[in-house]
Amino acid sequence: MPNEGSYEAALARSNKIQEDLKVNPGAYTMLTGDRPTGRLHMGHYFGTIRERVRLQDMGVRTNIIIADYQVITDRDSTGNIADNVMNMVADYLACGIDPERTMVFCHSAVPAANQLMLPFLSLVTEAELLRNPTVKAEQEASGHALTGLLLTYPVHQACDILFCKGNIVPVGRDQLPHIELTRTIARRFNERFGKVFPTVDGLLTSTPLLPGLDGRKMSKSYGNAISLGMTADETAKLIRKSRTDGERTITFDPEGRPGVSALLTTAAVCTGRDEVEIADEIGDAGAGALKKLVTEAVNDYFAPIRARREELLADPGYLAEVLADGNRRANEQANATLDEVRAAMGMVYGA
Ligand code: TRP
């Protein structure tokens with residue numbers, strides 16, 4: 001038996017849940033979310049958004065947090081946060097998130113969820129916070145000093161997950177330490193004060209990470225990401241100027257030919273075909289032909305999503321209503337959970 005905190009153990013539990021979901025979707029509550037620091041891109045879509053829609057359509061209770069307080073973990077300003085939040089709601093709905101079935105809400109609108117931070121902070125030690133590898137990596141990447149909020153944001157994520165009694169969180173392997181911390185917090189709370197919180201598991205996605213157009217990690221700051229909201233022309237332009245290499249024959253070799261291979265993977269995820277098969281088909285026709293194929297594949301795949309996105313953005317009143325309704329439902333759940341927490345802790349006095 002691998003130890004409970006290992007990757008192998010998490011993967012084994014995740015595989016078991018994937019099986020059980022087929023017969024028992026009603027036993028699961030998913031929570032996940034995004035930081036509203038910019039626009040969602042193809043990496044988000046194929047990495048997680050599509051999975052959220054799948055879980056929603058299976059009958060899992062699904063919750064998506066727009067993590068606005070997480071924007072300031074490692075930066076000084078909130079930027080165009082309101083615009084980012086509304087675009088995010090539009091992106092979700094355009095991709096198939098149904099606001100009737102999925103609760104979409106943001107941190108700053110749900111005070112009782114944030115208040116869980118106080119008891120939860122008492123359940124973790126400084127050493128546990130300091131050894132989180134993701135926090136360290138994010139702090140180094142930001143070039144900022146380690147703020148108190150960055151150090152404690154994994155605890156805040158535990159609040160996000162636990163206020164709505166989430167028990168599954170779709171994650172990549174790098175996010176597992178956060179899930180582990182959430183499990184620890186829930187377990188310690190239940191041991192010390194009485195059972196309020198469920199056991200949380202990461203749902204490890206099997207889809208490999210979609211690289212950016214140059215083969216590096218996909219990121220808006222590298223200019224290698226195709227956002228969902230780009231027009232067909234903007235998409236074509238970004239693909240046209242992506243770097244390939246001097247070799248004419250197209251082959252799939254992610255190590256040796258990162259640019260060409262990233263383009264092949266981009267076409268592959270959009271068409272459901274295999275990279276090697278696409279490479280063989282293009283053969284000596286070269287990078288120009290490859291780029292043409294990728295552009296068509298991306299633009300065909302996202303055309304209906306983009307059209308729906310435009311319609312939604314033309315009706316900001318509707319988007320605001322969707323978010324207000326999600327916030328209202330999140331507050332109901334968070335207030336109920338905080339009441340249970342107070343009762344478990346004996347903090348019920350007077351009215
Ligand atoms: N940190 C996540 C991201 O940047 C967003 C997020 C906030 C989240 N709270 C969460 C994800 C809770 C999973 C569970 O994308």
Side-chain angles (χ1 to χ4, degrees), residues 10 14 28-52 55 60-75 78-79 81 84-85 88-89 91-92 97 102-110 113-114 116-117 120 132-139 141-142 147 149-186 197-205 209-210 217-221 225 227 326 330 333-334 337:
S14 170
Y28 294 94
T29 299
M30 177 211 81
L31 179 118
T32 183
D34 304 281
R35 295 209 297 171
T37 50
R39 297 288 180 271
L40 294 178
H41 54 55
M42 275 182 70
H44 297 115
Y45 180 82
F46 288 106
T48 161
I49 310 279
R50 207 169 48 160
E51 174 72 358
R52 300 175 192 176
L55 293 169
V60 170
R61 278 179 302 279
T62 38
N63 304 290
I64 301 180
I65 186 154
I66 300 178
D68 54 353
Y69 274 129
Q70 257 183 37
V71 169
I72 49 169
T73 49
D74 62 356
R75 58 188 79 199
T78 52
I81 197 164
N84 291 343
V85 168
M88 210 161 249
V89 177
D91 280 338
Y92 293 151
I97 293 295
T102 297
M103 183 167 93
V104 180
F105 61 101
C106 52
H107 276 144
S108 61
V110 191
N114 292 306
L116 293 177
M117 190 75 174
F120 285 6
N132 182 309
T134 309
V135 166
K136 271 191 212 151
E138 287 176 6
Q139 186 247 317
S142 77
T147 66
L149 189 60
L150 183 56
L151 180 65
T152 55
Y153 96 85
V155 182
H156 199 221
Q157 282 203 178
C159 303
D160 299 341
I161 297 166
L162 293 173
F163 93 83
C164 61
K165 310 262 176 101
N167 58 359
I168 51 173
V169 183
V171 284
R173 187 174 176 163
D174 61 322
Q175 295 284 310
L176 272 178
H178 295 344
I179 302 302
E180 219 32 65
L181 186 73
T182 302
R183 292 167 69 85
T184 302
I185 288 173
F197 296 111
T199 303
V200 181
D201 276 297
L203 210 52
L204 286 151
T205 35
L209 219 57
L210 178 64
K217 180 176 158 37
M218 188 180 290
S219 162
K220 204 180 82 168
S221 54
S227 60
Q333 291 185 23
T337 301

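All heavy atoms count here, side chains included; hydrogens, waters and symmetry mates do not. Order of appearance sets the numbers: ligands from 1, and atoms from 1 within every ligand.
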Looking only at distances, please establish whether an N/O atom of ligand 1 is found under 3.5 Å from an N/O atom of [X].
X      : answer
Gln157 : yes
Asp34  : no
Asp160 : yes

TODO: Using a 4.5 Å cut-off on heavy atoms from C-beta on, say whether the side chain of Phe105 contacts that of Asn63.
DONE: yes
Task: Pairwise side-chain contact, Leu204 with Val171, heavy-atom cut-off 4.5 Å (strictly under) - done: yes
Open item on the list: Show me which atoms of ligand 1 lie under 4.0 Å from any heavy atom of Leu31.
Closed with: 12 (C), 14 (C)
- [ ] List every atom of ligand 1 that sits less than 4.0 Å from any heavy atom of Val169, numbering the atoms from 1 in the order shown and giving each element.
- [x] 13 (C), 14 (C)
Open item on the list: Test your reading of the model: is there a side-chain donor-acceptor pair from Asn132 to the backbone of His178, 3.5 Å cut-off?
Closed with: no
Open item on the list: Quick test: of every protein heavy atom, which one is nearest to atom 4 (O) of ligand 1, and how far off is it to 0.1 Å?
Closed with: Arg35 CG, 3.3 Å
Open item on the list: What protein heavy atom lies closest to atom 7 (C) of ligand 1? Include the residue and the distance to one decimal.
Closed with: Gln70 NE2, 3.2 Å
TODO: Would you mind telling me which of Arg35, Gln157, His107, His156 makes a side chain to side chain donor-acceptor pair (under 3.5 Å) with Gln70?
DONE: Gln157
Task: Thr152 to Met117 - nearest heavy-atom pair and separation - done: O-CE, 3.5 Å
Task: Leu151 atom CG, over 12 foreign heavy atoms within 6.0 Å - done: yes
Task: Heavy-atom proximity to atom 15 (O) of ligand 1, best of Gly47, Gly33, Ala67, Pro36 - done: Gly33
